[in-house]
Amino acid sequence: MDTSSLIDWLMFIGYFVIIDGLRSYIEISFLSRFLQTKSRRPFFVLYAMVNYLISYLTVTFQTPMWLIFCIHFVILFLAGVYLIRKIKVSAFAPCIIVMTLFTLTDALSVSILQIVMQLIHKQSLLGLAIPFTLAIFLIAMQYWLLFLIAKKYERFSSQYTASYLYLLLLPCLLTIITIRINWGLWDSVYTVDPNNMKIEYAHVAKEILLLLLAFLSFIAVLVAFYKLIKAARYEADK
């Protein structure tokens with residue numbers, strides 16, 4: 001195995017073991033907090049192993065990302081159903097929140113790496129460190145945001161909520177579809193080739209601005225969802 005192949009193999013191991021493991025932990029942790037349940041360590045290990053298998057199949061067989069996304073969503077929903085021991089629409093809410101936030105951060109990562117990998121040689125130490133550091137930073141941001149969301153909703157998650165209120169989260173699905181199509185996140189595994197691309201910085205800046213607007217819209221949807229649930233609970237308690 002030459003040096004280049006060894007580096008690529010180490011990047012694969014480092015990214016899919018560490019990053020996917022952290023993401024799996026964040027997802028299960030958020031589901032548990034949002035749904036007011038407790039997840040046991042064997043369940044987390046099983047969930048992480050399933051995600052590792054999905055990542056391996058994605059890279060090995062170049063599986064379309066839209067299919068991987070759908071499989072991931074179904075597995076996340078089933079994990080929520082398992083945690084609450086019932087098939088309920090309430091398990092849908094945390095799944096759509098997680099997938100929307102991950103879509104936004106994935107697209108942001110793609111936009112930033114377009115610039116970074118153009119300016120820095122891929123095989124340099126800095127070229128290897130920056131994508132991994134960016135992934136860790138985005139995961140930390142995801143964990144912090146999901147922690148705040150779960151903390152805000154935990155008062156109402158264990159109470160009955162009218163099913164029609166979950167329709168408010170449908171704009172999140174539109175956000176996911178729009179971003180993943182426009183950023184090419186529903187094609188095969190996304191890779192950045194610095195030797196075969198020309199960066200239009202104005203275009204990338206526009207992409208990042210659109211992501212910021214999408215993120216603010218996402219927060220607005222969550223705030224409206226929270227206020228309506230709170231109002232519904234207030235009326236029910238009268």
Side-chain angles (χ1 to χ4, degrees), residues 15-59 61 63-106 138-173 175-177 180 185-186 218 221-222 225-226 229 232-233:
Y15 188 87
F16 287 105
V17 171
I18 298 176
I19 303 302
D20 276 15
L22 289 174
R23 276 198 167 188
S24 297
Y25 172 77
I26 290 172
E27 290 171 1
I28 294 301
S29 176
F30 177 69
L31 282 178
S32 300
R33 288 196 184 104
F34 193 96
L35 299 173
Q36 289 292 283
T37 61
K38 291 184 179 180
S39 60
R40 297 180 178 178
R41 184 173 299 177
F43 177 71
F44 163 71
V45 172
L46 175 62
Y47 183 80
M49 293 303 296
V50 171
N51 279 336
Y52 286 144
L53 177 61
I54 292 174
S55 296
Y56 174 78
L57 294 176
T58 301
V59 175
F61 299 104
T63 310
M65 294 306 295
W66 65 266
L67 178 59
I68 295 301
F69 177 87
C70 293
I71 294 174
H72 189 180
F73 188 92
V74 170
I75 291 173
L76 188 60
F77 177 76
L78 292 177
V81 169
Y82 172 80
L83 289 174
I84 60 178
R85 300 298 196 274
K86 292 180 182 179
I87 299 179
K88 294 176 64 177
V89 70
S90 58
F92 169 80
C95 298
I96 194 64
I97 290 172
V98 166
M99 300 307 284
T100 303
L101 184 58
F102 281 8
T103 294
L104 290 170
T105 53
D106 286 346
L138 292 176
I139 282 179
M141 184 179 69
Q142 291 164 0
Y143 180 82
W144 178 68
L145 289 172
L146 290 174
F147 175 80
L148 293 179
I149 292 170
K151 187 175 181 180
K152 195 73 173 177
Y153 282 85
E154 63 184 0
R155 275 197 306 165
F156 307 107
S157 58
S158 60
Q159 301 172 350
Y160 172 76
T161 302
S163 299
Y164 71 88
L165 289 177
Y166 291 98
L167 294 175
L168 288 171
L169 295 176
L170 289 181
C172 293
L173 284 176
T175 299
I176 290 173
I177 293 171
R180 288 191 171 271
L185 298 176
W186 268 0
F218 172 58
V221 168
L222 292 183
F225 182 59
Y226 172 78
I229 288 180
R233 291 308 311 163

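Keep in mind that the numbers below use all heavy atoms, side chains included, and drop hydrogens, waters and symmetry copies.
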I need the Ile177 CD1 to Phe69 CZ distance, nearest 0.5 Å.
8.0 Å

Ser24 side chain near Tyr52 side chain, heavy-atom distance below 4.5 Å
no

Using side-chain heavy atoms (C-beta onward) and a distance below 4.5 Å, is Phe218 in contact with Thr175?
no

Shortest non-hydrogen pair, Lys152 vs Tyr226, comes out as O-CE1, 3.3 Å

Mind checking the CG-CG spacing from Asp20 to Leu53? Nearest 0.5 Å is all I need.
11.0 Å

Of all heavy-atom pairs between Thr105 and Leu138, which one has the smallest distance, and what is that distance?
O-CD1, 3.5 Å

Do Leu173 and Met99 have side chains that approach each other closer than 4.5 Å (heavy atoms only, starting at C-beta)?
no

If the plane angle is over 60° it's perpendicular, under 30° parallel, otherwise tilted; pick one for Tyr143 and Phe147.
parallel

Out of curiosity, Phe34 CZ to Leu83 CG, how far, rounded to the nearest 0.5 Å?
13.0 Å

Check this for me: Met141, atom CE, are more than 12 non-hydrogen atoms of other residues, nucleotides or ligands nearer than 6.0 Å?
yes

Do Ile97 and Cys172 touch side chain to side chain, with heavy atoms closer than 4.5 Å?
no

With side chains defined as the heavy atoms from C-beta onward, is the minimum distance between Glu27 and Leu76 less than 4.5 Å?
yes

Atom pair CG (Leu104) and CZ (Phe102), whose distance is rounded to the nearest 0.5 Å:
11.0 Å

Exactly one candidate in Ile26, Asp106, Leu146, Leu222 meets side chain to side chain contact (heavy atoms under 4.5 Å, CB included) with Leu101; the answer is Leu146

For the atom pair CD1 (Ile28) and OH (Tyr82), what is the distance rounded to the nearest 0.5 Å?
10.5 Å

Is Tyr47 close to Tyr25 at the side-chain level, that is, under 4.5 Å between some pair of heavy atoms?
no

Give, for atom CD1 of Ile176 and atom CH2 of Trp66, the distance between the pair rounded to the nearest 0.5 Å.
15.5 Å

